[in-house]
**Q** 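For reference, the structure I am asking about is given below.
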Amino acid sequence: VKAIEQEWKERVGGLERDFFEKELELNEKLKAATELLEEKELKEQHEKLAKEKLAKEKHVLEGLLSAAEEEDELESKVEAIKQATKLELAEARASLEEEKTRLE
């Protein structure tokens, strides 16, 4: 009977050891899988933030381009107004000279 009890104790002890070893192994695998998942999530979050940053930069650059185009248009309009004003002044001077000559 004692031999049978001893054999069962050894078997149960062996099974308990196997169980705990398997549990440790599974816990290590779970920890490694969790770390990989966290790394993947961090990478995805980093990529998302990078895409958002690029989208914002693109928006800013598009705004700057639009502002530059508007500035070019305004400069063109200002230049056209300057030329028209010069022409009007020249015409007014010529008219004044004619009037002056006529009055003399």
**Q** Given 3.5 Å as the limit, does a donor-acceptor pair link the side chain of S66 with the main chain of E62, or not?
**A** no
**Q** When you look at K51 and E47, which way does the salt bridge (Lys or Arg N to Asp or Glu O under 4.0 Å) test go after all the steps?
**A** CA-CA 6 Å; K51 286 179 183 178; E47 289 173 356; 5.7 Å; no
**Q** side-chain contact (heavy atoms from CB on, under 4.5 Å), that's the test. Do K82 and E79 meet it? Break it down for me.
**A** CA-CA 5 Å; K82 283 181 181 179; E79 190 59 36; 4.1 Å; yes
**Q** Within a 6.0 Å radius of atom CG on L30, are there more than 12 heavy atoms belonging to other residues, nucleotides or ligands?
**A** yes
**Q** For the atom pair CD (E98) and OG (S95), what is the distance rounded to the nearest 0.5 Å?
**A** 6.0 Å
**Q** With rounding to the nearest 0.5 angstrom, report the CG to NZ distance, L15 to K22.
**A** 13.5 Å
**Q** Enter the distance from E16:CD to E23:CD here, rounded to the nearest 0.5 Å.
**A** 12.0 Å
**Q** Can you list the steps and then say if E35 with K31 is a side-chain contact (heavy atoms from CB on, under 4.5 Å)?
**A** CA-CA 6 Å; E35 289 173 359; K31 182 180 176 184; 3.4 Å; yes
**Q** Flag the pair R11 and E7 as a salt bridge only when some basic side-chain nitrogen lies within less than 4.0 angstrom of an acidic carboxylate oxygen.
**A** yes
**Q** Using side-chain heavy atoms (C-beta onward) and a distance below 4.5 Å, is E21 in contact with R17?
**A** yes
**Q** Rounded to the nearest 0.5 Å, what separation is found between the CG atom of L64 and the CD atom of E71?
**A** 11.0 Å
**Q** Do the side chains of L49 and H46 get nearer than 4.5 Å, heavy atoms only?
**A** no
**Q** Distance only, no hydrogens: is a donor on one side chain within 3.5 Å (strictly under) of an acceptor on the other, for E41 and Q45?
**A** no
**Q** Do H59 and K56 have side-chain heavy atoms sitting under 4.5 Å apart?
**A** no
**Q** Measure the CD-CZ distance between E99 and R102 for me, rounded to the nearest 0.5 Å.
**A** 4.0 Å
**Q** If you round to the nearest 0.5 Å, how far is CG of N27 from CZ of F20?
**A** 11.5 Å
